[in-house]
Amino acid sequence: MNNMKELNKSVTDGGGPYVWIGLQKTSVNKWQWSSGDPALYLNWRSGQPDGTDECAFMRNGEWEDGGCTNSLTFICINVSIGLVFVNQTMNWRDAQSYCRQNHIDLVSVRNQNENQQIQKFINDSLISNDVWIGLFRDSWRWLDQSDSSFRYWKSGEPNNYGGENCTVIEPNTLGHWHDVSCNNQFHFVCHEDKLILIKESRTWSEALRYCRQNSLNLVSVHSEEMQREVMNVVKGASTEAVWLGLRHSCTVGIWFWVSGETVCYQNWAPGNGTGGEYCENTRRSGAVQSGGDQRWISRPETDKLNFLCSRYK
């Protein structure tokens with residue numbers, strides 16, 4: 001929602017009835033949690049989902065798909081309280097908005113243990129009716145392939161009137177979204193990521209060549225602020241570490257950034273970054289762990305990892 005507010009400010013004086021954003025309908029209609037978690041564990045009742053509805057509710061510890069416009073009570077999740085039953089009936093989208101505004105989100109059920117905990121909560125609370133959970137499906141995807149369950153449709157949208165597969169916002173209002181035909185012509189908003197995660201496994205030299213061939217460079221990390229940006233991006237990597245533009249020189253015995261700067265800010269994992277022992281075998285380059293505490297580590301340059309290109313000058 002913070003992104004949406006910033007976007008709305010930037011287009012208020014843009015003119016025209018609508019402005020394109022990068023949300024497009026695809027042919028893949030998949031279930032996901034409102035929180036953004038992937039739907040890996042599923043506990044459908046026999047015969048469910050039947051493929052006709054887009055939102056999920058819980059009944060007697062099992063799940064069924066139901067029409068998102070149906071009115072049901074629902075369960076939110078709250079950091080300090082835990083599970084919160086809301087004894088008001090709302091459609092799924094309104095229930096999602098209520099949970100996000102007053103707690104965190106509609107509840108996610110990510111494994112059998114959580115499913116049992118929620119069913120016990122329902123039994124202990126003497127809840128006898130069906131309840132919405134945070135599971136829904138749609139086929140809308142962001143063009144940059146980022147995962148997001150955030151939706152800001154205007155009431156009654158998306159209505160898929162005549163095959164509307166692209167998305168606009170309506171400036172000078174709250175910026176709610178409409179689905180429209182992709183053949184329309186409107187103003188649009190671009191976004192340029194400064195850090196680009198390449199999910200291909202390459203040696204360090206191959207990664208450097210790839211970035212430079214695309215007028216980029218392997219990323220240099222000069223501050224804690226930049227490290228936080230890197231940490232946020234590399235979480236999506238498919239390898240346990242991601243190449244940085246960090247190289248060790250056996251000639252002078254130092255680590256350096258390929259952009260030309262010396263290494264002042266450092267974020268090495270224990271036992272890494274000392275340098276001397278690296279000259280005995282293959283050359284070493286620096287990578288950042290994609291999980292855990294995401295520290296920098298030394299790896300043989302011949303290892304094949306994902307890598308991070310940078311647009312920063």
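Because only heavy atoms are used, hydrogens play no part in the values below, and waters and symmetry mates are left out as well, while side chains stay in.
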Novice: Say whether, by atom type as modelled, one donor and one acceptor occur between the side chain of Arg295 and the main chain of Trp268 under 3.5 angstrom.
Specialist: yes
Novice: Which residue is it: Leu246, Leu218, Thr262? I am looking for the one with a side-chain contact (heavy atoms from CB on, under 4.5 Å) to Trp257.
Specialist: Leu246
Novice: Starting from the C-alpha separation in whole Å, work towards a yes-or-no answer on side-chain hydrogen bond (donor to acceptor under 3.5 Å, both in side chains) for Ser220 and Ser259.
Specialist: CA-CA 7 Å; Ser220 301; Ser259 55; 2.7 Å; yes
Novice: Using atom types as modelled and distance alone, determine if a side-chain donor or acceptor of Ser108 lies under 3.5 Å from a backbone N or O of Arg110.
Specialist: no
Novice: Might you work through the side-chain contact (heavy atoms from CB on, under 4.5 Å) test for Trp177 and Val168, ending with a clear yes or no?
Specialist: CA-CA 6 Å; Trp177 305 352; Val168 293; over 6 Å; no
Novice: Give a yes or no answer on whether the side chain of Arg137 reaches the backbone of Asp53 with a donor-acceptor pair at less than 3.5 Å.
Specialist: yes
Novice: Check for me, please, whether Val219 and Phe256 land in the same ILVMFWY cluster - side-chain distances under 4.5 Å, paths through other members count.
Specialist: no
Novice: Hey, mind stepping through Gln32 and Asp138 against side-chain contact (heavy atoms from CB on, under 4.5 Å) and telling me if it holds?
Specialist: CA-CA 8 Å; Gln32 60 184 315; Asp138 70 12; 3.6 Å; yes
Novice: If you look at every heavy atom in Leu83 and Ile75, which pair is closest and at what distance?
Specialist: CD2-CG2, 4.1 Å
Novice: Please check this pair: side chain of Gln227 against backbone of Gln294, looking for a donor-acceptor N/O pair closer than 3.5 Å.
Specialist: yes
Novice: Is it true that Trp255 and Val258 fall in one hydrophobic cluster, defined by side-chain heavy atoms closer than 4.5 Å?
Specialist: no
Novice: Under 6.0 Å from the ring centre and within 45 degrees of the ring axis: does the NZ or CZ of Arg151 meet both conditions for the six-membered ring of Phe136?
Specialist: no
Novice: Under the 3.5 angstrom rule, does the side chain of Gln48 hit a backbone N or O of Asp65 as a donor-acceptor pair?
Specialist: yes
Novice: How about Asn60: does its CG atom have over 12 heavy atoms from other parts shown lying under 6.0 Å from it?
Specialist: no
Novice: Side chains of Ile196 and Leu216, heavy atoms from C-beta outward: is any pair under 4.5 Å?
Specialist: yes
Novice: Determine whether Trp204 and Tyr210 fall in the same hydrophobic cluster, where Ile, Leu, Val, Met, Phe, Trp and Tyr are linked whenever their side-chain heavy atoms lie under 4.5 Å apart.
Specialist: yes
Novice: Using the rule given for side-chain hydrogen bond (donor to acceptor under 3.5 Å, both in side chains), can you reason through Asp105 versus Ser34, listing the C-alpha separation, both sets of side-chain angles and the distance that settles it, and then say yes or no?
Specialist: CA-CA 7 Å; Asp105 212 325; Ser34 176; 2.6 Å; yes
Novice: Measure across Gln119 and Met58 and return the closest heavy-atom pair with its distance rounded to 0.1 Å.
Specialist: OE1-SD, 3.8 Å
Novice: Do Pro17 and Phe186 touch side chain to side chain, with heavy atoms closer than 4.5 Å?
Specialist: yes
Novice: Show the nearest heavy-atom pair for residues Cys68 and Asn91, with the distance to one decimal.
Specialist: O-CB, 3.2 Å
Novice: Indicate the ring-plane relationship of His178 and Tyr18, choosing parallel, tilted or perpendicular according to the 30° and 60° boundaries.
Specialist: tilted
Novice: Working note: Leu208 + Trp243, criterion side-chain contact (heavy atoms from CB on, under 4.5 Å); need CA distance, chi angles, decisive distance, verdict.
Specialist: CA-CA 9 Å; Leu208 179 64; Trp243 287 128; over 6 Å; no
Novice: Do you know which two heavy atoms are closest between Glu164 and Ser181, and how far apart they sit?
Specialist: CG-N, 3.7 Å
Novice: Give the minimum heavy-atom separation between Leu42 and Trp63, together with the two atoms involved.
Specialist: CA-CZ3, 3.5 Å
Novice: Would you confirm whether Glu206, through its side chain, and Thr203, through its main-chain N or O, come within 3.5 Å as a donor-acceptor pair?
Specialist: yes
Novice: Quick check on Tyr161: does its OH atom have over 12 non-hydrogen neighbours (other residues, nucleotides or ligands) under 6.0 Å away?
Specialist: no
Novice: Got a donor-acceptor contact below 3.5 angstrom from the Asn272 side chain to the Ser298 backbone?
Specialist: yes
Novice: Taking Ser201 for its side chain and Leu305 for its backbone only, find out whether a donor-acceptor pair lies under 3.5 Å.
Specialist: no
Novice: Just do the side-chain hydrogen bond (donor to acceptor under 3.5 Å, both in side chains) check on Asn8 and Ser10 with the steps written out, would you?
Specialist: CA-CA 5 Å; Asn8 204 35; Ser10 73; over 6 Å; no
Novice: Please walk me through it: do Glu240 and Arg299 pass salt bridge (charged side-chain N to carboxylate O under 4.0 Å, His left out)?
Specialist: CA-CA 12 Å; Glu240 63 181 10; Arg299 299 284 291 259; 3.3 Å; yes
Novice: Give a yes or no answer on whether the side chain of Asn43 reaches the backbone of Gly61 with a donor-acceptor pair at less than 3.5 Å.
Specialist: yes
Novice: Is the CZ atom of Phe150 crowded by more than 12 outside heavy atoms at less than 6.0 Å?
Specialist: yes
Novice: Classify the angle between the aromatic ring planes of Trp132 and Phe57 as parallel (below 30°), tilted (30 to 60°) or perpendicular (above 60°).
Specialist: perpendicular
Novice: Between Asp179 and Thr167, do the side chains contain a donor N or O and an acceptor N or O under 3.5 Å apart?
Specialist: no
Novice: Look at the aromatic rings of Tyr98 and Phe74 and report parallel, tilted or perpendicular, splitting at 30° and 60°.
Specialist: perpendicular
Novice: For residues Val86 and Val131: do they belong to one hydrophobic cluster (side chain heavy atoms under 4.5 Å, members Ile, Leu, Val, Met, Phe, Trp, Tyr)?
Specialist: no
Novice: Do you know the tightest heavy-atom contact between Trp31 and Leu135?
Specialist: CE3-CG, 3.6 Å
Novice: So, do His222 and Tyr265 have ring centers that fall under 6.0 Å from each other?
Specialist: no
Novice: Can you tell me if Arg247 and Ser285 form a side-chain donor-acceptor pair at under 3.5 Å?
Specialist: yes
Novice: For the side chain of Glu301 and the backbone of Arg283, is there at least one donor-acceptor N/O pair under 3.5 Å apart?
Specialist: no
Novice: Determine, using the 4.5 Å side-chain heavy-atom cutoff (strictly less than), whether Ile198 and Leu308 are members of one ILVMFWY cluster.
Specialist: no
